[in-house]
Amino acid sequence: MRHPYAAQAEMSDVSEDAASVRTLITGLVFIEIIWWLGSGMVYAAIYSGVFGFGTAATSIISLLGTVVMWVAVAMAMRWFQDRHWMVLVRPISRAVQDFGAVLKLSGGLMLGLSLWSVLPFVADAAYTRPLWQWLLILPFALIATFVQTTAEEIYFRGFLQSTLAARFKSPIMWAVLPSVGFGLLHVFNANTAPEMLQTVVYTSIFGFFAADLTARTGTLGAAIAFHFVHNAVLFCVYGFEDSPEAPLALWVFAPFEGYRGASGAPAGILDPTMILDTLYLLATLTLIWLAARVAIRR
């Protein structure tokens, strides 16, 4: 029987030198330097006030700015591994087929679950964007989200995972540990310690699901679609006034002040509200991943 992760070898077909620890670290340092320099210029443009503050334009520019990461990975792969970044999405026909299948099935499920969760509360929204305005913004928001999610997948499930998988046989080394690292990068997206833990757990599992889809297909098409539908729905359907993507959302709610326990104090890690919400989020994420698995039939 064919191993479920046998396709990962296709993406990880690199020379011993290209998969060395030295090459990997050099590549990662190079990518981070280019990313910080490039993103610094993007945020300088945003905070210059030319596009206003907290507008749809600034949100879209921020997402489009991740193209710097895309370019940095392409340069690192060419210079340090003598590979073109397109090897991560080859064969193109398979990548496109997987992307379309996951987009249709996981995207429909994600949108349906999101609407099911938010529709009972839209009357309490602080602001509902006029439909014509939202529809005008939506194509640009989706393009920007596609750039952002593709850039992250090329970095994490592409360059990083394919290089580690070429050197290490165990998925713990090339799928689990990088996914935990992916989760830790999101730690400051929350305010309190319990919410930070929830965020890290959620994004780490998200990273592993994307790694699983990549290893099963040997190309990034399915993982990019999985990431895209997740972020597109979260960015464009609803948001909170204090979030950077709120200007893209149809419904905008009052700023999220954190989970509260029965006493009104910030909820602790073991607070029932926190636990139930975390379980709901993980259950939803798992359903989206399973839908992707059904879509790619692997």
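Heads up: numbering here begins at 1 and tracks the sequence.
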Check whether any side-chain heavy atom of M110 sits under 4.5 Å from a side-chain heavy atom of H230, and report yes or no.
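Yes, side chains in contact.
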
Residue pair R293 / D212, side-chain heavy-atom distance below 4.5 Å:
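Contact flag for R293/D212 side chains = yes.
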
How long is the straight-line distance from OG of S12 back to CZ of R167, given to the nearest 0.5 Å?
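Here the interatomic distance stands at 13.0 Å.
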
Suppose the criterion is ring pair (Phe, Tyr, Trp, His ring centres under 6.0 Å): which pairs have a residue in residues 273-294, not counting sequence neighbours?
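Only F209-W289 qualify under ring pair (Phe, Tyr, Trp, His ring centres under 6.0 Å).
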
Listed once per pair and sorted, the ring pair (Phe, Tyr, Trp, His ring centres under 6.0 Å) pairs that draw on residues 12-31, sequence neighbours left out
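Residue pairs with at least one partner in residues 12-31: F30-W79, F30-F80.
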
Ring centres under 6.0 Å, that's the criterion: do [X] and [Y] meet it?
X: H186; Y: F156; result: no
X: W251; Y: F240; result: no
X: F121; Y: Y238; result: no

Counterpart residues, side chain to side chain contact (heavy atoms under 4.5 Å, CB included), relative to Y127 (two or more places apart)
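Y127: side chain to side chain contact (heavy atoms under 4.5 Å, CB included) contacts with R129, P130, Q133, V252.
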
If you compare all heavy atoms of [X] against all heavy atoms of [Y], which two are closest, and at what distance to 0.1 Å?
X: A232; Y: T145; value: N-CG2, 3.8 Å
X: P247; Y: T55; value: CB-C, 3.4 Å
X: T66; Y: W35; value: CA-CZ3, 3.7 Å

Can Y155 and H227 be said to form a ring-ring contact (aromatic ring centres under 6.0 Å, His included), step by step?
CA-CA 13 Å; Y155 184 11; H227 201 157; over 10 Å; no

